*Asks:* 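Below you'll find the structure I mean.
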Amino acid sequence: MSEEKNQECSGNCGSCSQNCSSRESESLIEPTGEYNNIKHVIGVVSGKGGVGKSMVTSMLAVLMQRKGYKVGILDADITGPSIPKTFGINSRAMQNELGILPAVTESGIEIMSVNLMLEEKDSPVIWRGPIIAGVVKQFWHDVVWGDLDYLFIDCPPGTGDVPLTVFQSIPLDGAVIVTSPQDLVSLIVKKAYNMASMMNINVLGIVENMSYVICPDCKKEFSIFGSGSETVAEELGIDLLGKMPIDVSLAQMVDNGSFEHFACGYLTDAANKIDEKINK
Ligand code: ADP
């Protein structure tokens with residue numbers, strides 16, 4: 001890097017496309033804990049909240065577990081954590097001399113979430129961005145995940161402090177963007193895609209949630225919000241990994257903590273595609 005460019009350097013490699021020598025040394029990637037051997041880390045992101053990012057994260061994690069992999073979920077949605085409830089986990093996180101121990105679901109998926117730390121499950125997390133980002137880093141570093149084939153990270157929505165920290169400090173093998181069809185008319189998916197690209201994260205593809213409803217009587221599919229994911233995926237040159245309908249039984253399983261037992265195959269192909277892309 002020339003002296004001249006050096007003076008222009010803002011010190012923020014994340015928003016700079018220069019491939020200068022200081023970039024390497026300024027990498028903010030943090031190692032995970034010494035007792036961890038995590039083969040692949042997948043971030044699940046969305047441009048905004050409420051599109052089903054946590055449900056998609058949970059479903060992909062369960063499907064990978066059913067393929068025979070050892071799987072964990074790091075719930076980085078610190079202000080809206082929903083992963084423990086989805087899996088019916090009510091216990092508090094424990095700690096031993098090695099670090100913080102994740103909760104383990106019935107089928108053996110490891111989970112860490114701020115909800116496992118709170119005295120009351122309904123206490124709000126009123127923390128500023130840097131504190132929240134610090135907690136995510138702690139979950140990455142101080143939790144004794146052990147051997148995992150896949151760690152899924154349920155990222156907070158948007159493009160603020162915490163998703164930025166996840167992208168900058170945790171070595172992601174890829175990101176899955178979750179959207180609902182009506183978002184596709186806006187720039188939200190593109191924002192999530194551009195953020196990942198700017199951070200040099202490999203975008204594995206899009207999952208379109210709430211794509212359609214199935215009539216309980218005639219079993220016909222209705223795309224009530226329309227659909228534009230094919231177009232956006234094509235425009236961005238990424239895969240449309242899968243589509244998931246609005247399914248009341250899934251929402252009920254989330255609410256009563258039995259989500260792990262879902263029998264639908266909506267995202268089976270998506271999980272297989274992700275596995276292929278990561279392992280190729
Ligand atoms: P996000 O993580 O994007 O904020 P969630 O996964 O928490 O979104 O989903 C928001 C709400 O919508 C939850 O109550 C969830 O159970 C419900 N939900 C999400 N996807 C579906 C779906 N495909 N069918 C039915 N309910 C869904």
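Position 1 is the first residue of the sequence; numbering continues from there. Predicted, not measured: the structure shown is a model, and the values here were computed from it. Note that ligands are numbered from 1 as they come in the structure, with each ligand's atoms numbered from 1 the same way.
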*Asks:* How far is atom 24 (N) of ligand 1 from the closest protein heavy atom, and which atom is that?
*Replies:* Asp247 N, 2.9 Å

*Asks:* Could you check whether Tyr212 and Phe222 have their ring centres less than 6.0 Å apart?
*Replies:*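 Distance test on ring centres: not under 6.0 Å, no.
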
*Asks:* How about Glu260 and Ser107: does a side-chain donor come under 3.5 Å of a side-chain acceptor?
*Replies:*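 There is such a pair between these side chains.
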
*Asks:* Please work out, at 4.0 Å between heavy atoms, whether the side chain, the backbone, both, or neither of Asp255 comes within that distance of ligand 1.
*Replies:* neither

*Asks:* Okay, side chain of Asn36, backbone of Ile38: is any donor-acceptor separation there less than 3.5 Å?
*Replies:*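 Answer holds: no.
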
*Asks:* Between Val254 and ligand 1, does any nitrogen or oxygen pair lie at a separation below 3.5 Å?
*Replies:*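 No; the residue has no nitrogen or oxygen that sits under 3.5 Å from a nitrogen or oxygen of the ligand.
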
*Asks:* Give me the nearest non-hydrogen protein atom to atom 4 (O) of ligand 1 as residue plus atom name, then the distance to 0.1 Å.
*Replies:*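 For atom 4 (O) of ligand 1, the nearest protein heavy atom is Gly50 N, 2.9 Å.
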
*Asks:* Which of the atoms in ligand 1, numbered in the order shown and given with their element, are less than 4.0 Å from a heavy-atom of Lys53?
*Replies:*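 It comes down to these atoms of ligand 1: 1 (P), 2 (O), 3 (O), 6 (O), 8 (O).
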
*Asks:* Would a 4.0 Å cut-off, counted as strictly less than, catch a protein heavy atom around atom 27 (C) of ligand 1?
*Replies:* yes

*Asks:* Could you tell me whether Asp77 and ligand 1 have an N or O pair separated by under 3.5 Å?
*Replies:* no

*Asks:* Walk me through whether Thr86 and Ser58 qualify under side chain to side chain donor-acceptor pair (under 3.5 Å).
*Replies:* CA-CA 8 Å; Thr86 305; Ser58 304; 4.6 Å; no

*Asks:* Out of all atoms in ligand 1, which are within 4.0 Å of some heavy atom of Ala251? Include the element for each.
*Replies:*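 Checking each atom against Ala251, I get 16 (O), 25 (C), 26 (N).
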
*Asks:* Which residue holds the protein heavy atom closest to atom 20 (N) of ligand 1, what is that atom called, and what is the gap in Å?
*Replies:* Asn209 ND2, 2.9 Å

*Asks:* Is the shortest N/O to N/O distance between Val248 and ligand 1 below 3.5 Å?
*Replies:* no

*Asks:* Could you tell me if Ser54 and Asp154 have a donor-acceptor pair between their side chains, going purely by distance under 3.5 Å?
*Replies:* yes

*Asks:* Is the closest side-chain donor-acceptor distance between Asn202 and Lys277 under 3.5 Å?
*Replies:*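 There is no such pair (donor and acceptor under 3.5 Å, judged by atom type) between the side chains of Asn202 and Lys277.
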
*Asks:* Report yes if some N/O of Lys48 lies less than 3.5 Å from some N/O of ligand 1; otherwise report no.
*Replies:* no

*Asks:* Between Lys273 and Asp239, does at least one N-O distance fall below 4.0 Å, as a salt bridge requires?
*Replies:* no

*Asks:* Are the side chain of Asp173 and the backbone of Val41 linked by a donor-acceptor contact shorter than 3.5 Å?
*Replies:*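 Side chain of Asp173 to backbone of Val41: a pair is present.
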
*Asks:* Would you tell me which option among Gly52, Pro245, Ser180 has the nearest heavy-atom contact to atom 22 (C) of ligand 1?
*Replies:*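 Going through Gly52, Pro245, Ser180 one by one, Pro245 has the nearest heavy atom to atom 22 (C) of ligand 1.
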
*Asks:* Is atom 14 (O) of ligand 1 touching the protein, meaning some protein heavy atom lies under 4.0 Å away?
*Replies:* no

*Asks:* If you measure from each heavy atom of Ser46 to ligand 1, is any distance below 4.0 Å?
*Replies:* no

*Asks:* Heavy atom to atom 12 (O) of ligand 1, shortest distance: which of Met59, Met55, Met210 holds it?
*Replies:* Met210

*Asks:* If the contact criterion is a heavy-atom separation under 4.0 Å, does Leu250 count as touching ligand 1?
*Replies:* no

*Asks:* What orientation do Phe259 and Phe87 show, parallel under 30°, tilted 30 to 60°, or perpendicular over 60°?
*Replies:*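 Correct class here is perpendicular.
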
*Asks:* Salt bridge between Lys70 and Asp149, side-chain N to carboxylate O under 4.0 Å?
*Replies:*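 No.
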
